[in-house]
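Following: one structure in structure tokens, then a few remarks.
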Amino acid sequence: MAPQTRRISSFPEVVIERDTESEESSSEEEEANVVLPEEETIQDSNNKGKTPITITLKKVCKVCKKTGHEAGFRGATYIDCPMKPCFLCKMPGHTTVTCPHRVATEYGIVPAPRKNTTNSLEFVFQRQLQPRVPPIKPAHVIPDQVHCAVIRYHSRRVTCLEFHPTNNNILLSGDKKGQLGIWDFGKVHEKTVYGNIHSCMLNNMKFNPTNDGSIYAASSDGTISCTDVETGISLALMNLNPNGWEGPSSWRMLYGLDVNSDKNVVLVADNFGYLYMADIRSNNIMSKPTLIHKKGTKVVGLNCNPLQPDLLLSCGNDHFARIWDIRRLEAGSSLYNLEHKRVVSSAYFSPISGSKILTTSLDNRIRVWDSIFGNLDYPSREIVHSHDFNRYLTAFRAEWDAKDSSESLVVIGRYISENYDGAALHPIDFVNVSTGQLVAEVMDPKITTISPVNKLHPREDILASGSSRSLFIWRPKKLDVAQPREEKRILLCGEVSKKRSKKHGDNGDDDSDNDIFRSKDNALKQKKLPSKSSSYSSRKNS
DNA sequence: ATTCAATGGACCC
DNA sequence: TGGGTCCCCTTGAA
């Protein structure tokens, strides 16, 4: 015993890396080495024969494996690896923390034709010339009254959302497992889950324009379903894998889906680049599939023009969004090809006039084409925005606000987190795509997960979000009519408690115990947070 | 508290 | 064109 402990000091240390006079110097955190003493285990009587080892390690960055710095969370703030290009805008020479796009989101606006995204040196020098970026990013808006309803009934992550076309309180949700959820968020606890419609990922869905009681869905199981929302009775409109599983090279998955209301045709696209059409009334597949994207690549989005439904917008993994006239459809017959630097995860015509185009790409840019009648060679604007995570999460998609007559308001979830009073939160951003300005950020201190799936209500000031397996409905408690609608369309956020209480629904409950409709009582909220959050958890646990 | 795995695209050859 | 490998802020279960 005693000899052993004494031996520790005299025993030669096994040192990894260098630096032997570590003893006292290790207290300084800045650049000092991290010392991992093994003394406790060594002194343990069980390990009599073991030689005492002191391992001295230098800080090693987990990203670049170099020493002298460390990437990762420090508290709620993520420190980037300085050896890598900016995680947000992808340009070298700075990190996310100092990225000009993070300081002022409008900075991301690049008018076409692009200038300063092509040359990184020029980019860096431009920062020197323009060192004082005006701090126009709005402060977090914390209204005194908010609503946020939460429900969790999906067993896998949410992949898509759709509001009911006539019933204002119904939200439909699809998940990675293929389940279709129907939530009457007006009654909060009212929900239905249909689990046997699809066998895997439900990628996109759209209501039948001629019958708002039924919805079409495209799934990775290779089928289009048409489901009666009331009864859950579903029929398959198309099955691309009639012979079942014959290996990954032949298994076809359906991703993009839209309905041409003029022709009563459902359009879907698969993971091999092909477009299919099915007649709604006869349930027949029309014609043969057409290759609309690079062969073998996934077509993730389809969108029919609201005014001219024969105009089709598609996007996919071949880095293009493409415009088609479905009356003259054949491989290579696209009217325009909108080039992107990486995968295009969504592309939409503007909801009212149909003359703008909005795309989301994994190069961390939202792109806008102001007029389909103008020059489509370059986007009118590129807005830098963090949404490039492609693993484990549903792809982010910027979605129009159909209520905005100027067709400039867009919602999109944010991947990168913000240190918000000690909590790393992932806001949902409202962006004015005409100016690039970040109009609003929605977040709640108790929602610590990322919300990649977002949809704005077609008629009301309601935002629906899908975050992991949970669904959220956000709405302002009251609209300030005196304010111009463009200025503050949406009121947001919850209050922040420094002591982070539990996340929503992470205690394994499902359904009603998890449903939270909060801030009904403003007094409760304004007064003291602890009582509020405790009432929160007590409700959960009861 | 820590570990693990599911999983998709880029890039290399 | 295809297989192998790598990969910065995940999420939730073990």
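Each chain gets a letter, A, B and so on, in the order the sequences are listed, and its residues count up from 1.
- Between A/I447 atom CD1 and C/dT10 atom P there is a gap of 17 Å when expressed in whole angstrom units.
- Base contact: A/P85 has a heavy atom under 4.0 Å from a base atom.
- Atom pair A/D175:CG and C/dT11:P shows a separation of 16 Å (rounding to whole Å applied).
- Contacts of A/I450 with the nucleic acid, taken as non-hydrogen atoms under 4.0 Å apart, involve only primed sugar atoms and P, OP1 or OP2.
- You'll find that the side chain of A/L393 is closest to C/dT11, out of B/dA6, C/dT11, C/dC8.
- Phosphate contact (OP1/OP2 of B/dA10, side-chain N/O of A/R342, threshold under 4.0 Å): present.
- Spacing of C1' atoms, B/dC13 relative to C/dC8, comes out at 26 Å, to the nearest Å.
- For A/D80, the side-chain atoms get nearest to C/dC8 when compared with the rest of B/dG9, C/dT11, C/dC8.
- Applying the 4.0 Å criterion to OP1 and OP2 of C/dA13, one finds that A/R469 has a side-chain N or O inside that range.
- Comment: A/R414 engages A/E418 in a salt bridge, judged by a side-chain N to carboxylate O separation of less than 4.0 angstrom.
- Set against B/dT7, C/dC9, B/dG9, the side chain of A/N390 has B/dG9 as its closest nucleotide.
- Here A/Y415 reaches the OP1 or OP2 of C/dC9: one of its side-chain N or O atoms lies under 4.0 Å away.
- Looking at A/H426, its side chain never comes within 3.5 Å of a backbone N or O of A/T449 through a donor-acceptor pair.
- A/D388 and A/K90 are joined by a salt bridge, as a carboxylate oxygen and a charged side-chain nitrogen come within less than 4.0 angstrom of each other.
- With distances taken from any side-chain atom of A/Y78 to the nucleotides C/dT11, C/dC9, B/dG9, the minimum falls on C/dC9.
- Side-chain proximity of A/F73 to the nucleotides C/dG12, C/dC9, C/dC8 is greatest for C/dC9.
- At the heavy-atom level, A/K84 lies under 4.0 Å from base atoms of the strands shown.
- The residue A/K294 sits apart from the nucleic acid: no heavy atom pair falls under 4.0 Å.
- The CZ-P distance, from A/F396 to C/dC9, rounds to 12 Å in whole Å.
- Taking atom CG of residue A/D388 and atom P of nucleotide B/dT7, one finds them 20 Å apart after rounding to whole Å.
- Closest heavy-atom contact between A/Y194 and A/I182: CE1-CD1, 3.2 Å.
- Of all nucleotides listed (C/dC8, B/dG8, B/dA10), B/dA10 comes nearest to the side chain of A/V343.
- To the nearest angstrom, P of B/dA10 lies 12 Å from NZ of A/K90.
- The distance from atom OH of A/Y392 to atom P of C/dA13 is 17 Å, rounded to the nearest whole Å.
- Here CZ of A/F389 is found 12.0 Å from CD1 of A/I416. Values are rounded to the nearest 0.5 Å.
- When distances run from any side-chain atom of A/H319 to the nucleotides C/dT11, C/dC8, B/dA10, the shortest one goes to B/dA10.
- An OP1 or OP2 oxygen of B/dG8 is reached within less than 4.0 angstrom by no side-chain nitrogen or oxygen of A/K298.
- Annotation: B/dC11 and C/dC9 have their C1' atoms spaced 23 Å apart (nearest Å).
- Listed pair A/N317 / B/dG9 meets the phosphate criterion, a side-chain N or O lying under 4.0 Å from OP1 or OP2.
- Proximity note for A/R152 (side chain, C-beta onward) versus C/dG12, C/dC9, B/dT7: the nearest is C/dG12.
- In this structure, A/S468 reaches the C/dG12 phosphate: one of its side-chain N or O atoms is under 4.0 Å from OP1 or OP2.
- Checking A/L257, A/T159, A/L180 one by one against A/M205, the side chain to side chain contact (heavy atoms under 4.5 Å, CB included) holds for a single residue, A/L180.
- Contact annotation for A/S417: base contact, defined as any heavy-atom pair under 4.0 Å involving a base atom.
- Taking atom C1' on both C/dT11 and B/dA10, the two are 23 Å apart, rounded to the nearest angstrom.
- Salt bridge absent: A/E162 and A/K206 never bring a charged side-chain N and a carboxylate O closer than 4.0 Å.
- Here C/dC8 presents its P atom at 19 Å from NE2 of A/H387, a figure rounded to the nearest Å.
- Taking atom NZ of residue A/K341 and atom P of nucleotide B/dA10, one finds them 14 Å apart after rounding to whole Å.
- When distances are taken from the side chain of A/T449 to each of C/dC9, B/dG9, C/dT11, the shortest belongs to C/dT11.
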